[in-house]
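Computed from a prediction, not measured in an experiment: that's the story for all the values here.
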Amino acid sequence: MSQPLSDRTVALVKATVPALEAHGLEIVRVMYDRMFQNPMIRDLFNQSHHGDSGSQPRALTAAILAYANNIENLGALAPAVERIAQKHVGLQILPEHYPYVAEALLAAIKEVLGDAATKEVLAAWGEAYWFLANILIAREDHIYHDLAAAEGGWSGWRTFVVEEARPESAIITSFVLRPTDGRPVVRHKPGQYLTFWLEIPGHAPLKRNYSISAAPNGETYRISVKREPEGVASSWLHNEAKPGTVLKVAPPAGEFFLADNPERPVVLLSGGVGLTPMVAMLEAIIEKHPELPVHYAHGTLDGSTHAMGDHVRHLADGRPNVRTTFFYQHPRAEDAAGRDFDRNGLIDEAWLRAETPIDDADYFLCGPRPMLRTLVTALSMAGLPANRIHYEFFGPADELLAA
């Protein structure tokens, strides 16, 4: 249990906010440079989120600033802290890793701020860091314990074999994974993801998160992966992973998921590969709550990029409580309205207000950030309470701390 922060520490941390606003990104980049000199620490992170074009340094800068601004009201950060803890569990970050971060952060503050980083300021940030770190460590320990103790659960990395590799569109392929030990797997919550440790020739070990795209069955998992043009991991999976390929996998994690017993109608909204957790949710609803009203809307470029469309249509067939709407941004000549897709363009506010029960439903969204910004804002402006808007995006864990 972390001891409460002293009044002096709170005052000193808040006093550093202007310096963080001016120099925070530089501090974070120096911190990562120091940390990544240690290969053990470097390999804990998804390196695609780092570097000049990566989003993680900017995200962590915003997170540190949010922490400083909310140092007297940390309850406001609770949802983001839970997200970070879940990401850490997926990455298998352990208590012994935290001192490396503390050392690098304090050294970076000193290097960038120079004489302004007095002994008092560094001591205050050290206290503030360990206060938050101990909260995360305690929460992560609880998650690790529950995952290991659950039926089919495990700790650390477990080997799975690719049982099936199935193309879903021109850019998305699904992989069905079964544990090599033949034992059950923990039943994930629909919407959660798996973290993979990939050892690809010519590269340092890579860690990647992929949402589980099927309802839990206790035996296998399915992920559906988009081939990214510059994606080392996704390209390797598309090119090399085939039946018989063995992969190292951490237990399911993530705080974005469908409740066990939904209390209201559900609206699922996805764009692009954001369909993966939505298909898992839709399958789970049909299996466990067959009478629950659900409307699933998905947007994609055209028929060539539309993954799992036939599967979703099959799930909805003969179920009057299940509605589907497919949006194609730029339909091809061979894409037929009413057969392949329902509407041209993007999912927008006007359609949401006209076609979905905003006053009565829970909304789950996953897709590109522009889509999320537009639709989450629209739902909020329509009066939907924040606790009924659930969204996921694929990126660094700390980005929501700035929200």
Side-chain angles (χ1 to χ4, degrees), residues 168-169 172 174 189-193 211-216 222-224 226 256-259 262-303 305-329 331 335 337-368 371-372 374-376 378-379 382 384 388-394:
E168 303 283 8
S169 75
I172 294 175
S174 288
K189 298 173 182 178
Q192 290 189 308
Y193 54 82
S211 293
I212 304 168
S213 63
R222 182 179 69 207
I223 60 170
S224 301
K226 177 186 175 184
F256 173 76
F257 54 80
L258 182 75
E263 299 176 353
R264 288 174 286 271
V266 170
V267 177
L268 307 173
L269 306 171
S270 64
V273 76
L275 63 85
T276 52
M278 300 307 172
V279 173
M281 291 183 190
L282 182 62
E283 289 183 2
I285 288 170
I286 289 171
E287 177 184 344
K288 296 181 64 178
H289 311 284
E291 304 304 318
L292 182 73
V294 55
H295 191 159
Y296 176 36
H298 175 65
T300 187
L301 181 65
D302 57 33
T305 62
H306 188 181
M308 308 179 92
D310 289 341
H311 177 58
V312 170
R313 290 188 189 92
H314 175 73
L315 291 173
D317 280 349
R319 296 182 171 88
N321 59 304
V322 180
R323 292 182 61 194
T324 63
T325 306
F326 298 132
F327 290 73
Y328 282 7
Q329 188 173 2
D335 294 329
R339 183 195 68 192
D340 302 304
F341 70 101
D342 303 292
R343 298 177 70 97
N344 285 16
L346 303 172
I347 304 172
D348 59 20
E349 179 179 0
W351 180 85
L352 278 180
R353 288 179 176 272
E355 300 294 337
T356 68
I358 290 179
D359 293 335
D360 301 316
D362 280 300
Y363 284 72
F364 293 82
L365 305 90
C366 186
M371 170 191 165
L372 294 184
T374 298
L375 299 185
V376 170
L379 292 169
L384 191 65
R388 286 167 52 192
I389 306 173
H390 316 271
Y391 58 92
E392 175 73 298
F393 61 93
F394 303 129

With sequence neighbours left out, the residues meeting side chain to side chain contact (heavy atoms under 4.5 Å, CB included) with Leu346 are Gln329
Looking at Pro357 and Val267, what are the two nearest heavy atoms and their distance? CD-CG2, 4.0 Å
For the atom pair CD1 (Ile347) and OG1 (Thr374), what is the distance rounded to the nearest 0.5 Å? 11.0 Å
Audit row: Glu168, Arg222, salt bridge (Lys or Arg N to Asp or Glu O under 4.0 Å) steps and yes/no: CA-CA 12 Å; Glu168 303 283 8; Arg222 182 179 69 207; 5.3 Å; no
Would you check if Phe326 and Val312 make a side-chain contact, meaning some heavy-atom pair closer than 4.5 Å? yes
When you compare the side chain of Thr356 with that of Tyr363, does any pair of heavy atoms fall below 4.5 Å? yes
Do Ile172 and Met308 come within less than 4.5 Å of each other through their side chains, counting heavy atoms only? no
Quick one: CZ on Arg313 to CG on Asp310, what's the gap to the nearest 0.5 Å? 5.5 Å
Are the side chains of Arg323 and Glu355 in contact, using a 4.5 Å heavy-atom criterion? yes
Looking at CG of Leu269 and CG of Leu365, how far apart are the two atoms once the value is rounded to the nearest 0.5 Å? 4.5 Å
Are any non-hydrogen side-chain atoms of Phe256 and Tyr193 less than 4.5 angstrom apart? no
Of all heavy-atom pairs linking Pro277 and Cys366, the shortest is CG-SG, 3.8 Å
So, Thr300 and Thr305: side-chain donor and acceptor under 3.5 Å apart, yes or no? yes
Do Tyr296 and Ser270 have side-chain heavy atoms sitting under 4.5 Å apart? yes
Going by an N to O cut-off under 4.0 Å, is there a salt bridge joining Arg264 and Asp360? no
Ile286: partners by side chain to side chain contact (heavy atoms under 4.5 Å, CB included), with sequence neighbours left out: Leu282, Leu315, Arg319, Val322
My understanding is that only residues two or more places apart in sequence, or in another chain, count here; which of them pass side chain to side chain contact (heavy atoms under 4.5 Å, CB included) with Asp348? Ala350, Trp351
The single option from Arg343, His298, His306 that satisfies side chain to side chain donor-acceptor pair (under 3.5 Å) with Tyr328 is His306
Does a side-chain heavy-atom distance below 4.5 Å link Val266 with Met281? no
Close side-chain approach of Pro190 and Glu283, heavy atoms under 4.5 Å: no
